[in-house]
Amino acid sequence: MSTSEKEPEPTTEKRVETNVHGAAEKGVAVTDNRGESLVTFDPEAERRLRFKLDLMVVPTVSLLYLFCFIDRANIGNARLAGFEEDLGLKNYDYNTVLSIFYISYIIFEIPSNLACKWIGPGWFLPAISLGFGITSLGTAFVHNRAAASGVRFLLGIFESGMLPGISYYMSRWYRRSELAYRLALFIVMAPLAGAFGGLLASGILSLDHFGGLHRWRMIFGIEGIITIGLSIISFFTLTDRPETARWLTQEEKDLAIARVKSERVAQTSVLDKPDKKKLWLGFWNPMVQATSFIFLLNNITVQGLAFFTPTIVGTIYPDKTTVQQQLYTVPPYALGAVFVLLLSALSWHFDRRIIFIIATAPLTMLGYILFLASEEPRVRYAAAFLSAISCFALGPLANAQASALVVSDTSRSIAIGTNVMYGNIGGLIATWSYLPWDKPDFPIGNGLNLAAASLILVLSGFMWMWMVWDNKRRANKDVEAELQGLTQVEIESLEWKHPGWRWRP
């Protein structure tokens with residue numbers, strides 16, 4: 001691991017290589033001016049490399065993200081165990097405490113991902129994981145709304161870099177088509193956190209005490225300690241980038257670098273130096289903005305489920321014990337996890353993302369229609385399954401799409417950060433979607449989620465049509481003529497404005 005990414009000074013000439021070893025070198029382009037790869041890769045060698053990457057890269061980040069999401073969402077389980085009563089929270093105090101988390105999360109989202117690129121994910125991700133583990137532990141010792149708000153603000157700072165940081169980190173290792181499924185392997189931890197978090201909370205609440213902690217305080221204390229332990233281990237298990245991977249041979253390192261570079265039109269390095277123009281084009285990209293807004297809408301539904309499913313279950317089954325209510329939250333999340341992996345695997349097979357984003361919306365819509373239309377508890381519980389199997393799957397698809405919409409590593413860092421920042425604005429909205437006076441049917445919250453899912457369907461359909469249209473327009477351009485007179489540095493900085501670039505829906 002290294003805290004810096006030293007690159008040679010850019011030159012005005014482009015050197016081209018057609019063999020894997022040469023293509024992996026810095027300062028070498030691996031595509032023609034239309035973005036087509038100049039290198040032919042051995043499928044069997046790629047398969048072996050993917051298998052090794054899946055074993056060495058995915059497990060560590062998946063475990064970190066699991067407890068990241070548990071530490072974020074366990075406040076919903078704590079609520080059922082007396083969190084509000086013990087802290088004297090009334091009216092909208094609980095929603096305010098939730099909102100504080102999202103304020104810091106949103107503010108630090110993009111800066112955090114830029115810091116991840118500058119410092120290096122191998123150090124940055126374990127460090128922020130340690131931070132939110134300590135903060136979660138600290139939540140066990142709060143005694144009023146002010147203290148709870150303070151630790152939630154700190155939790156937002158540390159967790160803001162987790163989802164975009166891991167997504168950016170994995171884009172260093174995997175091809176465009178492979179990325180959605182690998183993102184799913186760690187993002188699936190979100191619905192699993194709902195399932196496992198409910199089980200873990202039930203187990204913890206069955207204890208009389210943990211040290212001097214009782215009831216909901218045990219949830220934060222025990223889960224925080226687990227996160228701290230995993231974070232310390234990850235300092236030694238998380239490899240920063242292919243060049244520093246001791247578990248790869250030199251041939252595998254070259255292959256890992258070259259195959260990623262082969263999908264980045266005009267780029268002569270995978271890890272480029274930060275550049276203001278690339279940062280701006282990574283942010284002010286029309287399709288990145290549209291994808292980010294879709295993720296915002298999606299997070300209204302996802303975070304609503306994460307925070308309020310325990311509350312909804314408590315309303316539907318008021319006579320059940322707290323432990324039984326916790327267990328009722330598990331099955332929808334478990335089924336949602338299966339569909340996260342299924343749709344992302346299909347995305348990998350077809351190298352498509354938008355069509356699957358479009359496909360998630362109708363089931364989410366149906367789920368919230370049933371919440372609104374029926375007062376039958378079993379129907380509403382079934383509706384939770386419909387929403388879970390569709391809305392959770394959009395997370396890896398949206399982040400993979402944001403990654404596929406840009407060219408350089410610099411632009412990718414800010415594009416993914418922008419996508420997740422918008423998503424957490426949706427999470428902030430979600431904290432105010434299920435209000436205490438709206439019980440027991442929650443027409444406002446369910447209506448808002450129905451509207452969000454409907455907008456996802458409309459906007460993603462528009463995105464698909466626009467990308468198809470713009471690709472046809474770009475196909476008529478004279479690429480060589482438009483690049484005439486530009487230096488290699490200027491060509492690399494064109495990003496999605498490069499005439500040879502094509503949108504990948």
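All values below were derived from every heavy atom in this structure, side-chain atoms included, with hydrogens, water molecules and symmetry-related copies excluded.
Using the six-membered ring where Trp is involved, Phe83 and Phe220 have ring planes that are tilted, between 30° and 60° apart. Using a 30° and 60° split on the angle between ring planes, Phe392 and Tyr333 fall in the tilted class, from 30° to 60°. Ring orientation note: the planes of Phe101 and Tyr105 are nearly perpendicular, at an angle over 60° on the 30°/60° scale. Note: Phe69 and Tyr65 have tilted aromatic rings, judged against thresholds of 30 and 60 degrees for the angle between ring planes.
Proximity of Tyr368 to Phe442: side-chain heavy atoms (C-beta onward) are nowhere separated by under 4.5 Å. Counting only heavy atoms from C-beta outward, the side chains of Thr360 and Cys391 never approach each other to under 4.5 Å. You'll find the side chain of Tyr422 reaches within 4.5 Å of the side chain of Gln289, heavy atoms only. Contact check for Leu154 versus Ser104: no side-chain heavy atoms found under the 4.5 Å cut-off. Between Phe186 and Tyr169, the closest side-chain pair of non-hydrogen atoms is not below 4.5 Å. Looking at heavy atoms from C-beta onward, Leu64 lies out of side-chain contact with Phe132 at the 4.5 angstrom threshold. Here the side chains of Leu114 and Leu279 are in contact, with some heavy-atom distance below 4.5 Å. Two residues are said to be in side-chain contact when any heavy atoms from C-beta on lie closer than 4.5 Å; Asp272 and Lys117 meet this criterion.
Among residues two or more places apart in sequence or in another chain, the salt bridge (charged side-chain N to carboxylate O under 4.0 Å, His left out) test is passed with Glu178 by Arg50, Arg259. A search for side chain to side chain donor-acceptor pair (under 3.5 Å) contacts involving Ser390 returns Thr364, not counting sequence neighbours.
Closest heavy-atom contact between Asp71 and Gly133: OD2-CA, 4.3 Å. Smallest separation of non-hydrogen atoms from Ala415 and Val406: CB-CG1, 3.9 Å. Of all the heavy atoms in Ala400 and Leu183, the pair that sits closest is N-CD1, 3.5 Å. Between Pro121 and Arg172, the closest heavy-atom pair is CD-NH1, 3.4 Å. Looking at every heavy atom in both residues, Pro242 comes nearest to Ile257 through CB-CG1, 4.1 Å. Counting all heavy atoms, side chain and backbone alike, Leu87 lies closest to His143 at CD2-C, 3.4 Å.
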Checklist entry - Yes or no on side chain to side chain contact (heavy atoms under 4.5 Å, CB included) for Leu457 and Met365, after CA distance, side-chain angles and deciding distance? => result CA-CA 9 Å; Leu457 181 62; Met365 293 165 62; 4.1 Å; yes
Item to check | Residues Asn424, Asn299; criterion side-chain hydrogen bond (donor to acceptor under 3.5 Å, both in side chains); working and verdict | outcome: CA-CA 7 Å; Asn424 284 289; Asn299 267 263; 5.6 Å; no
Checklist entry - Would Asp54 and Tyr174 satisfy side-chain hydrogen bond (donor to acceptor under 3.5 Å, both in side chains), going step by step from the backbone distance to the final call? => result CA-CA 10 Å; Asp54 291 344; Tyr174 291 102; 2.7 Å; yes
Item to check | Asp275 and Thr410: CA distance, side-chain angles, deciding distance, side-chain hydrogen bond (donor to acceptor under 3.5 Å, both in side chains) verdict | outcome: CA-CA 7 Å; Asp275 177 275; Thr410 294; over 6 Å; no
Item to check | side chain to side chain contact (heavy atoms under 4.5 Å, CB included) assessment of Ile75 paired with Arg152 | outcome: CA-CA 10 Å; Ile75 193 170; Arg152 292 294 289 183; 4.0 Å; yes
Item to check | Full working for side-chain hydrogen bond (donor to acceptor under 3.5 Å, both in side chains) between Arg353 and Ser347 | outcome: CA-CA 6 Å; Arg353 290 148 294 277; Ser347 170; 4.6 Å; no
Item to check | Audit row: Phe51, Leu55, side chain to side chain contact (heavy atoms under 4.5 Å, CB included) steps and yes/no | outcome: CA-CA 6 Å; Phe51 181 72; Leu55 288 179; 3.5 Å; yes
Item to check | Worked check of side chain to side chain contact (heavy atoms under 4.5 Å, CB included) between Leu450 and Phe371 | outcome: CA-CA 10 Å; Leu450 175 59; Phe371 267 124; over 6 Å; no
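At most 12 heavy atoms of other shown residues, nucleotides or ligands fall within 6.0 angstrom of atom CD in Glu375. Atom CH2 of Trp284 is surrounded by 12 or fewer heavy atoms from other residues, nucleotides or ligands within 6.0 Å.
Asn399 places no side-chain N or O within 3.5 Å of a backbone atom of Pro396 that could act as its donor or acceptor partner. Ser374 places no side-chain N or O within donor-acceptor distance of the main-chain N or O of Leu370, the cut-off being under 3.5 Å. Judged by distance alone, the side chain of Arg412 and the main-chain N or O of Val407 form a donor-acceptor pair under 3.5 Å. Under a 3.5 Å cut-off, the side chain of Ser231 and the backbone N or O of Leu130 do form a donor-acceptor pair. Thr60 places no side-chain N or O within 3.5 Å of a backbone atom of Met56 that could act as its donor or acceptor partner. Formation of a donor-acceptor pair under 3.5 Å by the Ser160 side chain with backbone atoms of Ile157 is found in this model.
Geometric assessment of Arg182 against the ring of Trp348 yields a positive cation-pi assignment under the 6.0 Å and 45° thresholds.
Ile70 contributes atom CD1, which lies 11.0 Å from atom CD1 of Ile219 (distance to the nearest 0.5 angstrom). We find the OG1-CG distance between Thr291 and Asn298 to be 12.0 Å, quoted to the nearest 0.5 Å. The distance from atom CD1 of Ile166 to atom OG of Ser129, rounded to the nearest 0.5 Å, is 7.0 Å. Distance check, rounded to the nearest 0.5 Å: CG of Leu405 to OG of Ser292 gives 9.0 Å. Put simply, CG on Asn285 and OG1 on Thr418 are 9.5 Å apart, with the number rounded to the nearest 0.5 Å. Atoms CH2 and NZ, on Trp247 and Lys253 in that order, are 10.0 Å from each other to the nearest 0.5 Å.
With respect to Ser411, the side chain to side chain donor-acceptor pair (under 3.5 Å) criterion is satisfied by exactly one of Glu495, Lys277, Lys278: Glu495.
Tyr168 and Asp409 share a side-chain donor-acceptor pair at under 3.5 Å.
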